Number of protein chains: 2
Amino acid sequence: LTEKLNIRYPIIQAGMAGGPTTPELIASVSNAGGLGMLGAGYMTAEKIEDAIKKIRLLTDRPFGINLFVPETPEWNEEKIRKSNEMLRPIREKLNLPDPGTIARPDPGQFLNQMEVVLESDVPVCAFTFGIPEKKIVERLKNRGIAVIGTATTADEAILNEKAGMDMVVAQGSEAGGHRGSFAAGFEMSMIGTMALVPQVADQVGIPVIAAGGIMDGRGVLAALVLGAQAVQMGTAFLACSESGAGRLYKEALLQSVETETTITSGFSGKPARGIQNAFIRMTRAVEDQLPDYPIQNALTRDIRQAAANRQDPEWQSMWSGQGIRLISEGSAADLIGQIISDVEKISKSILSY
Amino acid sequence: LTEKLNIRYPIIQAGMAGGPTTPELIASVSNAGGLGMLGAGYMTAEKIEDAIKKIRLLTDRPFGINLFVPETPEWNEEKIRKSNEMLRPIREKLNLPDPGTIARPDPGQFLNQMEVVLESDVPVCAFTFGIPEKKIVERLKNRGIAVIGTATTADEAILNEKAGMDMVVAQGSEAGGHRGSFAAGFEMSMIGTMALVPQVADQVGIPVIAAGGIMDGRGVLAALVLGAQAVQMGTAFLACSESGAGRLYKEALLQSVETETTITSGFSGKPARGIQNAFIRMTRAVEDQLPDYPIQNALTRDIRQAAANRQDPEWQSMWSGQGIRLISEGSAADLIGQIISDVEKISKSILSY
């Protein structure tokens with residue numbers, strides 16, 4: 001896998017959408033020997049193009065782009081109305097005006113994103129929330145772009161392999177942010193990383209990338225032992241100096257413990273793991289009556305952005321995995337250096353054991 | 001840890017209550033260099049005494065006894081009535097008579113169990129569902145009996161260490177059977193093993209035993225890499241020839257995949273992971289209105305036993321962890337031999353890496 005991706009260490013920085021993956025973070029990870037990844041799921045084609053240029057100014061090492069495979073949500077006016085009603089007290093608290101009508105999800109955005117990736121010859125393209133059409137996978141591969149899929153069950157990994165993916169992320173239940181499940185239901189696909197990785201590795205021939213709860217050298221080496229050829233780490237990079245996470249989000253990450261994250265659909269209509277806050281508690285009771293992803297996500301955008309601008313931790317999404325006690329500050333390069341040195345140390349102590 | 005427990009390999013067979021831990025299984029694990037463990041939570045003192053005698057006929061190696069720390073459930077006649085009403089169609093299906101009144105939980109049973117353990121000088125005593133009184137821990141330690149606690153969060157592990165436990169099991173969310181949570185709420189304590197073990201290892205000074213999703217040499221070595229000094233495996237031993245699990249339960253284990261287990265409180269009033277079946281589906285909607293553990297457990301006992309006797313997989317509890325695709329038949333000794341040989345192989349390949 002490291003050979004195929006032309007990276008020194010089997011460490012991939014997760015393509016966290018919504019801000020944390022700055023060009024600085026991506027370049028820092030790639031320069032340190034890992035694979036930086038732009039979380040481009042919510043970005044327009046123009047913004048992606050712009051980010052790619054900035055990344056290339058900072059590194060000549062490989063990096064990747066992570067995109068969301070579009071879904072066809074049910075457009076339900078009644079659910080939208082109810083969701084806005086539920087959100088009204090939050091908008092009042094944040095001095096936000098009543099929302100106008102939101103635009104219907106535009107399937108063209110994904111195709112535009114794809115064109116930028118193809119034209120820019122980014123070396124790696126990763127997908128989550130499903131598998132893109134065969135034609136897209138073929139075009140990427142024809143350009144020599146490595147294609148990575150996401151699975152939360154062994155069956156989803158098999159579907160990724162059948163679709164021609166070069167490698168697949170096995171996302172365990174510990175992982176922060178959105179669940180990548182697309183074929184299995186939510187509850188049934190909450191498989192812990194320790195159980196998921198070896199079962200996926202036994203079922204597919206393509207390399208497996210372990211994700212979920214991996215925070216340091218112990219987690220990286222454990223994942224390789226379980227049968228993964230690389231790891232994908234998101235939360236571990238969130239509090240790094242190069243990360244675009246806001247100051248209070250970083251503080252929350254550094255102060256929270258493993259029992260303080262939870263899975264919520266309240267922010268986006270799709271299950272995702274983050275640090276408990278007032279927004280999650282408030283939407284808990286009506287979670288299953290909200291509009292589908294990405295409609296609910298569009299509905300809460302003004303709230304999340306206003307809260308982030310005000311540095312208010314209670315009304316923004318603060319995605320985090322369960323390894324949260326192990327989070328570290330410092331630079332991404334320091335983190336990767338520490339991981340590699342710990343992996344070597346543990347490997348040696350195992351041999352003596 | 002292996003020195004303290006006087007075992008060759010850091011592999012503990014989980015004390016699964018309700019039948020699987022036959023004297024043959026326990027002796028087989030201990031003879032192979034691991035630590036066999038009697039799941040004695042539901043057993044009378046006399047039955048435990050009897051089992052200990054049988055185990056000692058089969059092995060002179062150390063073994064352990066696992067006990068449930070008693071709780072004080074709320075005795076709610078209305079909830080009991082409603083639960084029996086819900087269970088009526090199942091009883092009819094299984095030709096069971098209407099239940100008589102069940103006995104209130106007897107706190108004396110635990111003390112009697114403790115006396116047997118103390119008098120028999122069993123080398124290891126493990127606890128789950130809480131921490132026993134200080135006096136009990138002291139008496140065990142004074143007899144030279146190693147005392148093992150169970151935790152599902154770092155804070156629960158700290159409580160175990162403060163109570164004088166010699167070592168603590170860190171039970172990840174992948175684990176089969178009952179959750180050992182006692183201080184943290186259910187949802188907040190569903191931490192995956194990959195995230196839980198290093199966080200617990202960082203917080204306590206006593207040795208950590210990893211549990212949850214560990215099925216083979218990969219899992220065992222990964223757990224040691226994460227900072228555990230040993231593993232506890234339950235599901236992995238369930239389909240072994242020496243296990244007391246029924247034939248159809250074993251078949252269900254061998255045929256199921258990782259998406260087919262779920263957490264239910266329907267059988268006992270306490271969350272536990274098992275293979276989905278008709279009983280779990282039927283009780284799902286009313287799960288949170290059932291009597292407390294162990295009252296609900298007593299209410300469903302006739303049903304579970306009748307279903308087990310009839311080899312009916314739909315109405316008995318079939319506890320299992322999420323590593324279920326990796327389950328193997330054969331003897332427990334073969335499984336341990338395979339694990340040790342795989343651990344050696346993987347360790348060597350890591351060094352070359």
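If you're wondering where the values come from, they're calculated on a predicted model, not measured in any experiment.
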request  = Determine, step by step, whether B/Arg325 and B/Asp216 satisfy the salt bridge (Lys or Arg N to Asp or Glu O under 4.0 Å) criterion, reporting the C-alpha distance in whole Å, the side-chain angles of both residues, the deciding distance to 0.1 Å, and the verdict.
outcome  = CA-CA 11 Å; B/Arg325 278 184 199 256; B/Asp216 57 18; over 6 Å; no
Could you walk me through whether A/Asn160 and A/Glu156 satisfy the side chain to side chain donor-acceptor pair (under 3.5 Å) test, starting with their C-alpha distance in whole Å, then the side-chain angles of each, then the deciding distance to 0.1 Å, before giving a yes or no?
CA-CA 6 Å; A/Asn160 270 284; A/Glu156 287 182 348; over 6 Å; no
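Interface remark: B/Glu344 contributes no atoms to any contact with chain A (heavy atom separation under 4.5 Å). Only the side chain of B/Ser173 has a heavy atom closer than 4.5 Å to any heavy atom of chain A. Both the backbone and the side chain of B/Ile191 have a heavy atom closer than 4.5 Å to some heavy atom of chain A. Heavy-atom distances place the backbone of B/Thr261, and not its side chain, under 4.5 Å from chain A. Proximity to chain A (any heavy atom under 4.5 Å) is restricted, for B/Glu174, to the side chain, taken from C-beta onward.
Aromatic ring pairs are classed by plane angle as parallel below 30°, tilted from 30° to 60° and perpendicular above 60°; the pair B/Phe267 and B/Phe279 is parallel.
In this structure, a donor-acceptor pair under 3.5 Å is present between the side chains of B/His178 and B/Ser268. Side-chain contact annotation: B/Arg284 with B/Thr262, donor-acceptor N/O pair under 3.5 Å present.
The candidate with the highest count of non-hydrogen atom pairs below 4.5 Å against chain A, out of B/Gln203, B/Met194, B/Met190, is B/Met194. Between chain A and the residues B/Gln276, B/Arg218, B/Glu260, the largest count of heavy-atom pairs under 4.5 Å involves B/Arg218. Here B/Gln199 is the residue among B/Glu187, B/Gln199, B/Met188 with the most heavy-atom pairs under 4.5 Å with chain A. Between chain A and the options B/Thr193, B/Ile324, B/Val197, B/Leu226, heavy-atom pairs under 4.5 Å are most frequent for B/Leu226. When each of B/Gly213, B/Ala210, B/Gly212 is checked for heavy-atom pairs under 4.5 Å with chain A, B/Gly213 comes out on top. Chain B forms the most heavy-atom pairs under 4.5 Å with one residue out of A/Thr259, A/Ile346, A/Ile263, and that residue is A/Thr259.
The shortest distance between side-chain heavy atoms of A/Ile327 and A/Met215 falls below 4.5 Å. Counting only heavy atoms from C-beta outward, the side chains of A/Thr264 and A/Thr283 approach each other to under 4.5 Å.
The CG atom of B/Leu196 lies 9.0 Å from the CD atom of B/Gln171; values are rounded to the nearest 0.5 Å.
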